[in-house]
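The structure appears below as structure tokens.
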Amino acid sequence: MNEDDYKTEKKKEAASFNPTGFDPHSLAELPAPMLQWIDQNGFDIVFVCDYEGIIHYTSSSITRLLGYLPEEVVGTSSLAYLDSCDVPVLRNRFESTTEWPQRFHLTILDNRGKHIWMEASISLTENQGVPYYVGVAKDVSDKKEIEEMMFRSEKMSVAGQLAAGIAHEIRNPLTSLKGFLQLIQAGISRKEEYYQIMVEEIEKIETITSELLFISKPVAENKEPETIHEMLQDVITLLYSQARLQNVQISFEKGENSKLLCDRSQIKQLFINLIKNALEEMPNGGKIDIRQRQEGNDCIVDVVDEGPGIPDEVLAKLKEPFFTTKKEGTGLGLMICTQILDKHNGALDILRNETKGSTFRASLPISL
Ligand code: ADP
Ligand code: MG
């Protein structure tokens, strides 16, 4: 028997293999005990809500994942189990999209009051003309822990790489402070004027060191209303010294000052990673444009560089962890950017500039 004949024979065998006495072509046709097993042991929670968010069905797996009994939650509002921060974002996305399913990262309250990180995929469907949301949600807490470890190591590596530029930036005001102190020691007049300059120099040092401390602090997820201009300005301050060392100019074009419900430290980390990548593409100077604007319900930030651009073979691998083309690279920067944006229900697009270089575009939903 040749190989093809063998395969045909096996297929026939499989088709006639029917020891259980049923012939299912879809999940719905499985016998009740099997459906029940899936209902109880699935890794996901399957749920159905009406248009107002009232829960009509949840699989029994909810008891294992969140501690509730299905009959406890049926009839209640799904919004009661969500973080209040996530509700407007969800509502906004549901109202503005026609593409289903939609994917979300959410924290869900379990029956002991603990917030569980879940990833949900939700679609709008209808049954006899009545619209319903059908979704599955899975626990991603373990994944979160690993992500946080990576976050921390990438943050420390960024802090380390920036240290040289920052030390340089701090040395200048220190030198002038020392000079003024020596003048005052020598009994010079016009002391008041010098004091003022000294305070300004100290403030410069303060801004830089506090930004550095900020990025090396451990991550704690904490979403608050923030404005985009201030966050971007802080990031530019932090990277300014590095840019100057490399003869790169950073320009900031501001649009409407969008309000975001976000974790400030993560959004800063996102832009540090993007601008740092742009800087690393231009070791011999150039210009980075940061262009921010509001478009519909999104705040868009473009980080535009004048580097050599991204070759096709690199583009495909860009968001993979540990992919780097740099000697000192970690290959985690862009992956972390994608994760931060995911967690804020935003997106990262990578575009090729018409002339030279690339544009990394972050879109984030504004808080209404
Ligand atoms: P790392 O910077 O440590 O290499 P990233 O995840 O930040 O890791 O970036 C991955 C790779 O993507 C880089 O090594 C580089 O090849 C490419 N890349 C990132 N940003 C740019 C950019 N602005 N222009 C060209 N290539 C880029
Ligand atoms: Mg990087």
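Just so you know, ligand 1 is whichever comes first in the structure, and atom 1 is the first atom listed for that ligand. What you see is a predicted model, and the numbers here were worked out from it, not measured in a lab.
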Mind checking whether Leu334 has an N or O less than 3.5 Å away from an N or O of ligand 1? yes

Hey, mind stepping through Glu201 and Ser176 against side chain to side chain donor-acceptor pair (under 3.5 Å) and telling me if it holds? CA-CA 8 Å; Glu201 296 294 298; Ser176 79; 3.1 Å; yes

Leu318 heavy atoms, cut-off 4.0 Å: which ligand 1 atoms fall inside? 12 (O), 17 (C)

One residue to check: Ile310. Relative to ligand 1, which of side chain, backbone, both or neither has a non-hydrogen atom less than 4.0 Å away? side chain

Students often mix this up, so state it plainly: with edges at 30° and 60°, are the rings of Tyr68 and Tyr81 parallel, tilted or perpendicular? perpendicular

Please verify whether a non-hydrogen atom of Asn273 lies at under 4.0 Å from ligand 1. no

In the protein, what heavy atom is nearest to atom 4 (O) of ligand 1, and what distance, to one decimal place, separates them? Thr324 OG1, 2.6 Å

Should the pair Phe252 and His229 be assigned to parallel (<30°), tilted (30 to 60°) or perpendicular (>60°) ring geometry? perpendicular

Any Ser358 heavy atom less than 4.0 Å to ligand 1: yes

So is Phe360 polar-close to ligand 1, meaning N/O to N/O under 3.5 Å? no

Pairs involving residues 348-359, ordered by first then second residue, that meet side-chain hydrogen bond (donor to acceptor under 3.5 Å, both in side chains) (sequence neighbours left out): Asp312-Arg352, Asn353-Thr359

For atom 10 (C) of ligand 1, find the nearest protein heavy atom and state the residue, atom name and distance (0.1 Å precision). Phe323 O, 3.4 Å

Exactly one of Asp263, Asp86, Asp83 should register a salt bridge (charged side-chain N to carboxylate O under 4.0 Å, His left out) with Lys223. Which one does? Asp86

Out of Val140, Asp142, Ile108, Leu106, which residue meets the side chain to side chain contact (heavy atoms under 4.5 Å, CB included) rule with Trp117? Val140

Shortest protein contact, atom 16 (O) of ligand 1 (heavy atom only): Thr325 OG1, 2.4 Å

For ligand 1, indicate whether the residue Asp305 contacts it via side chain, backbone, both or neither (heavy-atom separation under 4.0 Å). side chain

Taking both backbone and side chain into account, is any N, O or S atom of Asn277 nearer than 2.8 Å to the Mg ion (ligand 2)? yes

Please identify each residue that fulfils ring-ring contact (aromatic ring centres under 6.0 Å, His included) with Tyr57, with sequence neighbours left out. none

Check: of Glu281, Met335, Glu306, Met282, min heavy-atom distance to atom 26 (N) of ligand 1 comes from Glu281

Pair Gln40-Ser61, side chain to side chain donor-acceptor pair (under 3.5 Å): steps then yes or no: CA-CA 5 Å; Gln40 286 167 353; Ser61 51; over 6 Å; no

To which protein heavy atom is atom 7 (O) of ligand 1 closest, and what is the distance rounded to 0.1 Å? Asn277 ND2, 2.8 Å

Let me check something: do Leu181 and Tyr194 share a hydrophobic cluster, defined by ILVMFWY side-chain heavy atoms less than 4.5 Å apart, either directly or through other members? yes

protein heavy-atom neighbour closest to atom 2 (O) of ligand 1 works out as Lys326 NZ, 2.7 Å

Hey, any chance Val73 and Val48 share a hydrophobic cluster, counting ILVMFWY side chains that come within less than 4.5 Å of each other, even indirectly? no

Indicate yes or no: does an N/O atom of Gly331 lie under 3.5 Å from an N/O atom of ligand 1? yes

